[in-house]
There are 2 protein chains.
Amino acid sequence: MVDRIRRIPEATVARLPVYLRSLAELVDEKIATVSSERLAEMAGVNAAKVRKDLSYLGSYGTRGVGYDVEYLLFQMSRELGLTHDWPVAIVGAGNLGQALANYGGFTQRGFPVAVLVDADASKVGQIIHGVRVHHIDELPELSATLGIGIGIIATPASAAQDVADRLVAAGVASILNFAPAVISVPDGTSLRKVDLALELQILSFYQEHRDLESDGAPPHQAPLAPG
Amino acid sequence: MVDRIRRIPEATVARLPVYLRSLAELVDEKIATVSSERLAEMAGVNAAKVRKDLSYLGSYGTRGVGYDVEYLLFQMSRELGLTHDWPVAIVGAGNLGQALANYGGFTQRGFPVAVLVDADASKVGQIIHGVRVHHIDELPELSATLGIGIGIIATPASAAQDVADRLVAAGVASILNFAPAVISVPDGTSLRKVDLALELQILSFYQEHRDLESDGAPPHQAPLAPG
DNA sequence: GGTTGTGAACAAATTCACAGCG
DNA sequence: CGCTGTGAATTTGTTCACAACC
């Protein structure tokens, strides 16, 4: 495979972290090699998809043998940009923001919560789960000083667009939005959304339509969001 | 359009709640009619997609005019199964579970948190944000008594599969999994996943690859997860 | 023999473009 | 005339099936 213009499909990018997690488990179990079949089982997809996905990263497998777990883990980490930490800022120190600040999974996976930010002056100065709350007006300085690469919006929907604008203005180029609102960002800014109630509404649809269908509707299997 | 065998594509189902939210905003603003163009703008998609999506629900628009907001809202609610409440059980009364129990957005959108469930006996009996914690062994009775339709897994990854099995055994047919683990459920059970760290890892990829591409890579625009 | 890597076939989703209708 | 509804075209994603290779 020629090494040029390897644009990785969005659907594949969305699955790479799942493979990564599976590989990390294999490392823990001291397993040195893994087949696409085994990896597929762990990731909850099929083997052809695993092979196709991994092929976008390069030819890192060995025919007749499988993939070297550690080597593949390293290559994938590199491709995902996970060889260094990405400090994040959480905007909104309410219930959700506080819970996220306390969620160990972020730091553990290389996304230390460097700062909490809120518009409410009475919250500023508090230390929540070891993270200091700053006023949102300080975002530009904080962003530069702490090297914030990712902003998490955990505010009410009504504030979300304004917060997004401020994050962008502060130089934060990646945003994860938990507010139940559609927000828009300029080209060059990455945006993903997590809408909790929306997920339940989707489940509601499939529950409501369960065995209403006469003929072999597949049970609902949510794939990972592309992107 | 004949009314038979209207199977709605997964990608469409995943967008319906976004349209629903937009319609609710229009109702608040006392706006009676809306064009696909306007709705598209609010939902952050394009107009052709809105029209195609809505066409799966039926022919509810009027050519030359647009869609009646209230009528469309009603039809969509009905299709999504949101004309009645869906009580949910949250499994795992740790940080995340408690935060979710306290998240007003669920109840407000028709998903009241009826019960928190945990394996830790010392947590049982506590009232967290108005919700009583029960032992996980009580799941079958709770499920039946409270009419639980949806279970939310907010446990560590290591417990997730076991919890899923217990939910299924208790008759809960829809599961939303927050644990960073792949879980499998039998046919007939709906499953969706929200993996917080995974979203950040995807953002990391696009941040790492920003303007590495020579020629017109589109900026990352995360669509909604199909399903 | 066993497993990868990948073209080719297939399926799903998106977008175009315009006929149809109010 | 304006906007919906939808076939057709296009793009994106998945799966198949097998040649290539260890």
Side-chain angles (χ1 to χ4, degrees), chain A residues 1-3 5-16 18-19 31-41 43-69 71-72 75-76 216-218 220-227, chain B residues 1-3 5-16 18-19 31-41 43-69 71-72 75-76 216-218 220-227:
Chain A
M1 182 205 222
V2 183
D3 203 45
I5 311 188
R6 265 191 341 226
R7 183 140 302 145
I8 303 183
E10 301 208 352
T12 294
V13 172
R15 282 187 295 266
L16 294 181
V18 183
Y19 301 140
I31 293 170
T33 339
V34 66
S35 65
S36 60
E37 187 120 19
R38 175 96 174 80
L39 198 48
E41 190 199 318
V45 301
N46 72 41
K49 202 181 267 180
V50 169
R51 291 200 298 278
K52 183 71 89 174
D53 284 342
L54 297 185
S55 76
Y56 291 114
L57 303 179
S59 282
Y60 296 143
T62 307
R63 289 161 204 248
V65 178
Y67 301 88
D68 182 279
V69 172
Y71 185 60
L72 185 57
Q75 291 298 343
M76 199 176 288
H220 178 53
Q221 286 281 97
L224 289 150
Chain B
M1 181 203 222
V2 182
D3 202 46
I5 311 188
R6 263 190 345 223
R7 183 141 303 147
I8 303 184
E10 301 208 351
T12 295
V13 172
R15 281 188 296 266
L16 294 181
V18 182
Y19 300 141
I31 294 171
T33 343
V34 66
S35 65
S36 59
E37 187 120 20
R38 175 97 175 81
L39 198 48
E41 190 199 319
V45 300
N46 72 42
K49 201 181 268 180
V50 169
R51 292 200 298 277
K52 181 74 80 170
D53 284 343
L54 296 186
S55 76
Y56 292 114
L57 303 179
S59 282
Y60 296 142
T62 307
R63 291 163 204 247
V65 178
Y67 302 88
D68 182 280
V69 172
Y71 185 61
L72 185 56
Q75 291 298 343
M76 200 175 288
H220 178 55
Q221 286 281 99
L224 289 151

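Every chain is numbered from 1 and lettered A, B, ... according to where its sequence line falls, protein lines coming before strand lines.
Comparing A/Arg51 and B/Glu37 against DNA chain D, the residue whose closest nucleotide sits nearer the 5' end is B/Glu37. Each of A/Pro9 and B/Val65 has a nearest nucleotide on DNA chain D; the 5'-most of these lies closest to B/Val65.
For B/Tyr60 and B/Tyr67, the ring centers are positioned 6.0 Å apart or more.
At the phosphate of D/dG13, neither OP1 nor OP2 sits under 4.0 Å from any side-chain N or O atom of A/Tyr56. A/Arg15 has a side-chain polar atom (N or O) that falls below the 4.0 Å cut-off from OP1 or OP2 of D/dT14. Applying the 4.0 Å criterion to OP1 and OP2 of C/dG5, one finds that A/Tyr67 has a side-chain N or O inside that range. Contact annotation: B/Ser36 does not reach the phosphate of D/dC3 (side-chain N/O to OP1 or OP2, under 4.0 Å).
Inter-residue side-chain proximity for A/Met76 and A/Leu54 is flagged as met; some heavy-atom pair is nearer than 4.5 Å. You'll find the side chain of B/Tyr19 reaches within 4.5 Å of the side chain of B/Val45, heavy atoms only.
Comparing D/dT4, D/dA19, D/dT15 by their closest approach to the side chain of A/Arg63 singles out D/dA19. Across C/dT4, C/dT15, C/dG5, the shortest atom-to-atom separation from the side chain of B/Asn46 is found for C/dT15.
A/Lys52 has its NZ atom 7 Å from the C1' atom of C/dG7, to the nearest Å. We find that CD of B/Glu10 is positioned 13 Å from C1' of C/dA11, with the value rounded to whole Å.
Closest non-hydrogen pair, B/Leu39 versus B/Val34, comes out as N-CG2, 3.9 Å.
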